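A short worksheet on the structure shown next.
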There are 2 protein chains.
Amino acid sequence: MSNRSAIDEAKKGSAEVVILAVIEQESHHGYEIAKLIELRTDGSLTFTLASLYATLYRLEDRGWIRGRWVEKAGQRRRCYYRITDAGRKVLTQQREDWSRFVAALGQIAGVKYA
Amino acid sequence: MSNRSAIDEAKKGSAEVVILAVIEQESHHGYEIAKLIELRTDGSLTFTLASLYATLYRLEDRGWIRGRWVEKAGQRRRCYYRITDAGRKVLTQQREDWSRFVAALGQIAGVKYA
DNA sequence: ATCCTATATACAGGAGAGCTATATATCAAG
DNA sequence: CTTGATATATAGCTCTCCTGTATATAGGAT
């Protein structure tokens with residue numbers, strides 16, 4: 001109920017490509033991934049932690065990412081995720097799909113890449 | 001289940017801005033809107049008729065579009081939708097929201113506007 | 001010392017958009 | 001006269017993200 005901004009709807013389905021891209025170069029744990037998304041998009045794009053963790057489990061189930069538990073003194077246990085070979089292929093494909101979608105949205109709705 | 005392409009998820013939430021944009025200049029009926037979307041995006045973006053009609057009813061409920069039934073000899077009855085003043089404001093806002101989202105997706109995930 | 005915030009993960013229940021499947025009905029073409 | 005394109009409509013489902021809640025540790029403030 002429903003002062004939902006369009007961006008709330010826009011981002012649906014984008015969590016996968018975003019997470020895969022964030023851990024493309026180096027592994028990160030869940031909480032860190034959430035913070036990085038917010039930081040790197042200047043707050044334009046955010047996901048709730050509950051939703052983010054759920055997405056991580058889903059991606060791991062599909063074999064696109066792999067988690068590794070790390071316990072250090074003076075720190076809570078953290079699960080670091082890295083991308084798999086299968087995940088890299090999916091990331092490449094999803095970048096193409098999103099790019100095509102964005103182009104279509106520009107054509108049909110006049111949405112410009114600012 | 002689930003050879004869903006990323007574009008299937010991407011487009012979630014985009015129907016509103018797309019429909020509003022299609023009827024921005026001139027009114028169209030539902031079936032025609034569906035065909036125009038497919039045509040103008042070279043088939044990149046499509047919506048099922050069931051989903052499109054449901055979205056039209058939703059937009060009308062919100063007062064963003066207005067339907068007018070037209071019956072002509074030699075034609076099935078058609079409901080032509082035009083955008084309302086409220087709809088134009090929403091369209092402007094949604095274009096901004098989507099633009100911001102696309103910019104964020106470029107920053108965080110390297111998705112480029114082809 | 002104790003409270004509060006940030007850190008860190010986890011799960012149950014629900015909302016909402018688009019999907020498939022199905023139904024109805026008209027018109028043009030073969 | 002059957003098929004396909006046109007045109008609208010509804011029921012039920014899936015999937016993703018949401019809110020709300022729970023647990024637990026570290027560090028700073030009162």
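The model shown is predicted, which means the values in this text are computed figures rather than measured ones. Proteins get letters first, then strands, A, B, ... in listed order; numbering begins at 1 in each.
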Within the supplied structure, the quantity of interest is the number of heavy atoms (other residues, nucleotides, ligands) at a distance under 6.0 Å from R66(B) CZ; does it exceed 12? no
Nearest whole angstrom, please: distance from the C1' of dT9(C) to the CG of L52(A). 11 Å
Report yes if a side-chain nitrogen or oxygen of K11(B) is closer than 4.0 Å to either non-bridging phosphate oxygen (OP1 or OP2) of dC19(C); otherwise report no. yes
Of the nucleotides dC18(D), dC11(C), dC19(C), which has the atom closest to the S51(A) side chain? dC18(D)
Interatomic distance, R77(A) CZ vs dA26(D) C1' [rounded to whole Å]: 16 Å
Atom CD of E32(B) and atom C1' of dA5(D) are separated, to the nearest Å, by 14 Å
Picking from dC18(D), dA24(D), dG18(C), the nucleotide nearest the side-chain atoms of R76(A) would be dA24(D)
If you check every side-chain atom of A50(A), which of dT9(C), dT19(D), dC18(D) has the closest atom? dT19(D)
Report which part of the nucleic acid E16(A) touches: base, sugar-phosphate, or nothing (heavy-atom distance under 4.0 Å, all strands). sugar-phosphate
D61(B) CG to dA9(D) C1', straight-line distance once rounded to whole Å: 15 Å
Rounded distance (Å) that lies between atom P of dT9(C) and atom CD1 of I33(A): 9 Å
Winner on side-chain proximity to Y57(A), out of dT16(D), dT10(D), dT9(C), is dT9(C)
Side-chain N,O (T55(B)) to OP1/OP2 (dA17(C)) below 4.0 Å: no
Less than 4.5 Å apart, any side-chain heavy atom of E16(B) and any of E9(A)? no
Atom OH of Y31(B) and atom P of dT26(C): how far apart are they, to the nearest Å? 17 Å
How many whole angstroms separate atom CZ of R58(A) from atom C1' of dC18(D)? 13 Å
Closest-nucleotide mapping onto DNA chain C: is T46(B) or C79(A) further toward the 5' terminus? I mean the 5' end. C79(A)
Could you check if a side-chain atom of I33(B) sits within less than 4.5 angstrom of a side-chain atom of L56(B), using non-hydrogen atoms only? yes
Count the heavy atoms belonging to other residues, nucleotides or ligands that lie under 6.0 Å from CG of D61(A), then report whether that count exceeds 12. yes
Calculate the interatomic distance between L49(B) atom CG and dG4(D) atom C1'; express it in whole Å. 15 Å
Is it the case that atom CZ in R68(B) sees more than 12 heavy atoms from other parts of the structure closer than 6.0 Å? no
With respect to the phosphate group of dA10(C), does any side-chain polar atom (N or O) of Y53(A) fall under 4.0 Å of OP1 or OP2? no
